[in-house]
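Reading through the structure tokens given below for one structure.
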There are 2 protein chains.
Amino acid sequence: MNEKLEKTQDIFLEKISHICSEFGLNNIMAQLYAILYFSNNPLSLDDMCERLKISKGSVSVNIRMLERYGVVRRVWVKGSRRDYYAGEKDISKVIIDRLKSMAQRRISEIDNMLKAVYDEIDSVDPQNGEEKEDARAFKERVDALKNLHHKAQTLVKLFNSGLLNNFLGTGSKIKQKEEVLLSE
Amino acid sequence: MNEKLEKTQDIFLEKISHICSEFGLNNIMAQLYAILYFSNNPLSLDDMCERLKISKGSVSVNIRMLERYGVVRRVWVKGSRRDYYAGEKDISKVIIDRLKSMAQRRISEIDNMLKAVYDEIDSVDPQNGEEKEDARAFKERVDALKNLHHKAQTLVKLFNSGLLNNFLGTGSKIKQKEEVLLSE
DNA sequence: TTTAGCATTTAGAACGTTCTAAACGTTATG
DNA sequence: CATAACGTTTAGAACGTTCTAAATGCTAAA
């Protein structure tokens with residue numbers, strides 16, 4: 001690869017890994033996806049080790065995570081025993097999927113929490129006036145949370161019904177070369 | 001405090017800290033905010049150490065973080081030399097503010113990244129056909145990112161213009177007791 | 001059946017983060 | 001001025017995370 005282009009990509013890699021780390025993707029997953037996103041060809045594990053200067057074990061583990069997230073996929077290259085991977089080229093799809101699954105996860109966690117709290121809350125048996133007030137205040141605040149959570153859930157459902165996809169627009173025009181490679 | 005109520009709150013604390021840790025708040029900040037949110041009275045550093053069984057140093061550092069985020073504030077209690085803190089009781093305000101500042105931060109980071117990449121990209125000087133294609137593909141994909149980022153920014157602006165506040169509803173009805181304490 | 005070329009798993013090293021306890025600084029009070 | 005009652009800072013311990021290198025497992029070809 002052109003040396004200056006590689007340097008330019010490195011600038012990207014450095015920054016994107018930092019950004020993604022705050023979205024629950026670690027450095028390596030972010031950088032792996034980035035080089036696949038930029039690459040015209042699917043890459044093998046060894047290609048990726050070489051490009052990012054990291055061990056094969058790391059690439060192996062992290063690339064499978066990305067596969068589970070559905071943002072890269074294994075492609076077969078005729079005439080090679082290696083596994084090759086290609087990145088999803090429709091970046092808006094990747095991001096929307098990720099946001100959706102994060103939202104869904106948060107919703108479940110909060111559902112579980114509220115359920116657990118409500119299971120306990122009734123067995124609280126206040127002994128005096130002050131304790132009664134404490135219990136009442138606690139319930140009031142948990143109810144406020146439940147209320148807010150319900151509204152947030154409605155909002156998420158609205159987005160999931162395609163609103164976000166329509167706005168951010170999906171359907172990449174970027175074409176892969178993998179078909180060419182497959183018959184190489 | 002009523003023992004059973006405390007146990008119920010503990011269930012909440014355990015879960016909420018896990019949830020918040022994925023939003024860039026650590027355990028302690030999450031739990032500190034939670035006990036202040038639930039408490040009818042402002043609490044001192046020592047109160048919080050005692051309640052969460054953690055060191056004073058930790059409380060000191062983390063409570064000031066929360067103060068910077070604007071979700072707790074120091075209140076003065078007449079007749080005491082201690083610092084007391086009260087949590088913002090309008091939970092939707094806290095969450096909306098946090099989401100907004102996260103979004104704003106991501107936007108700046110991506111702006112910076114794109115700027116840095118575009119600064120470099122023109123100096124790439126492809127030497128042959130393959131390198132030319134690589135460079136073209138790279139530019140195409142960075143442009144796609146820029147495009148998506150622009151749309152996302154528009155969406156965020158839409159939310160910031162009050163849409164989210166209207167939907168999630170702001171204005172808590174929960175009253176603090178601090179006025180009482182201040183004249184104690 | 002053996003070997004070569006892979007991917008995967010694992011044990012341990014390196015790292016960053018965040019806790020605690022103790023030292024420290026500051027302010028009010030007697 | 002000395003002391004007590006605070007909050008803050010710091011040095012180091014404990015912890016989880018994630019990397020690497022080596023061992024292992026698998027599969028295809030000879």
Side-chain angles (χ1 to χ4, degrees), chain A residues 13-14 16-36 41-69 72-86 181-182 184, chain B residues 13-14 16-36 41-69 72-86 181-182 184:
Chain A
L13 294 180
E14 185 203 322
I16 199 65
S17 69
H18 181 237
I19 292 169
C20 288
S21 71
E22 294 166 26
F23 269 94
L25 295 184
N26 66 31
N27 286 351
I28 293 201
M29 285 168 75
Q31 300 200 358
L32 283 174
Y33 174 67
I35 61 171
L36 289 174
N41 315 318
L43 302 177
S44 69
L45 289 196
D46 286 328
D47 292 337
M48 296 185 265
C49 298
E50 169 58 23
R51 178 70 180 84
L52 299 179
K53 305 287 181 216
I54 56 179
S55 76
K56 216 167 171 177
S58 262
V59 175
S60 174
V61 168
N62 286 285
I63 203 78
R64 265 177 304 143
M65 282 270 190
L66 286 174
E67 211 183 351
R68 275 213 303 149
Y69 284 178
V72 310
R73 62 185 196 293
R74 201 178 304 200
V75 300
W76 181 61
V77 173
K78 209 167 165 183
S80 172
R81 283 169 56 189
R82 286 186 162 95
D83 290 348
Y84 282 79
Y85 291 86
L181 271 170
L182 285 170
E184 210 170 50
Chain B
L13 294 180
E14 185 203 323
I16 199 64
S17 69
H18 181 236
I19 292 169
C20 287
S21 71
E22 296 167 25
F23 269 94
L25 295 183
N26 66 30
N27 285 351
I28 293 199
M29 285 168 77
Q31 298 200 359
L32 282 174
Y33 174 68
I35 61 172
L36 289 174
N41 315 317
L43 302 177
S44 70
L45 289 196
D46 286 329
D47 291 337
M48 296 185 264
C49 299
E50 169 57 24
R51 178 70 180 83
L52 299 180
K53 306 287 183 218
I54 56 178
S55 75
K56 217 169 171 176
S58 262
V59 175
S60 174
V61 168
N62 285 285
I63 203 77
R64 267 178 302 143
M65 282 271 192
L66 287 174
E67 211 183 352
R68 275 212 303 150
Y69 284 179
V72 310
R73 63 185 196 292
R74 201 178 305 201
V75 300
W76 181 60
V77 174
K78 210 168 165 181
S80 172
R81 283 170 55 190
R82 285 187 165 93
D83 290 347
Y84 283 80
Y85 290 87
L181 271 170
L182 284 170
E184 210 169 48

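Below, chain A is the first sequence line, B the second, and so on; all start at residue 1.
- The span of DNA chain C lying next to chain B, judged by atoms under 4.0 Å from heavy atoms, is bounded 5' to 3' by C:dC19 to C:dT27.
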Please tabulate, for side-chain N and O atoms in residues 56-63 of chain B, each donor-acceptor pair with protein atoms closer than 3.5 Å (sequence neighbours left out).
from: B:N62; atom 1: OD1; to: B:N26; atom 2: ND2; distance (Å): 3.3
from: B:N62; atom 1: ND2; to: B:S58; atom 2: O; distance (Å): 2.8

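- Distance check, rounded to the nearest 0.5 Å: CG of B:L66 to CG of B:L32 gives 6.0 Å.
- Proximity of residues 58-68 of chain B to DNA chain D (heavy atom under 4.0 angstrom from any strand atom) is restricted to B:S60, B:R64.
- Looking at which nucleotide of DNA chain D each of B:S80 and A:G57 is closest to, the 5′-most match is held by B:S80.
- Looking at every heavy atom in both residues, B:D83 comes nearest to B:R74 through OD2-NH1, 3.2 Å.
- Atom CZ of B:R81 sits about 13.5 Å away from atom OG of B:S44, to the nearest 0.5 Å.
- Fit an axis to the five pairs at each end of the helix from C:dT1-D:dA30 to C:dG30-D:dC1 and the two axes sit 10° apart, to the nearest 10 degrees.
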Could I get a table of every N or O pair under 3.5 Å where one atom is in the protein and the other is in nucleotides 28-30 of chain D?
none

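- Looking at heavy-atom distances under 4.0 Å, B:N27 makes no contact with the nucleic acid at all.
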Quiz prompt | Worked check of side chain to side chain contact (heavy atoms under 4.5 Å, CB included) between B:Y84 and B:D47 | solution = CA-CA 9 Å; B:Y84 283 80; B:D47 291 337; 4.1 Å; yes

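- The CZ atom of A:R51 lies 5.5 Å from the CG atom of A:L13; values are rounded to the nearest 0.5 Å.
- For A:S17, the side-chain contact (heavy atoms from CB on, under 4.5 Å) partners two or more places apart in sequence, or in a different chain, are A:N27, A:A30, A:Q31.
- When all heavy atoms of B:L43 and B:M48 are compared, the pair lying nearest together is O-CE, 3.7 Å.
- Rounded to the nearest 0.5 Å, atoms CE (B:M65) and OH (B:Y69) are 6.0 Å apart.
- For the residue pair A:Y85 and A:L36, the shortest heavy atom distance occurs at O-CD2, 3.2 Å.
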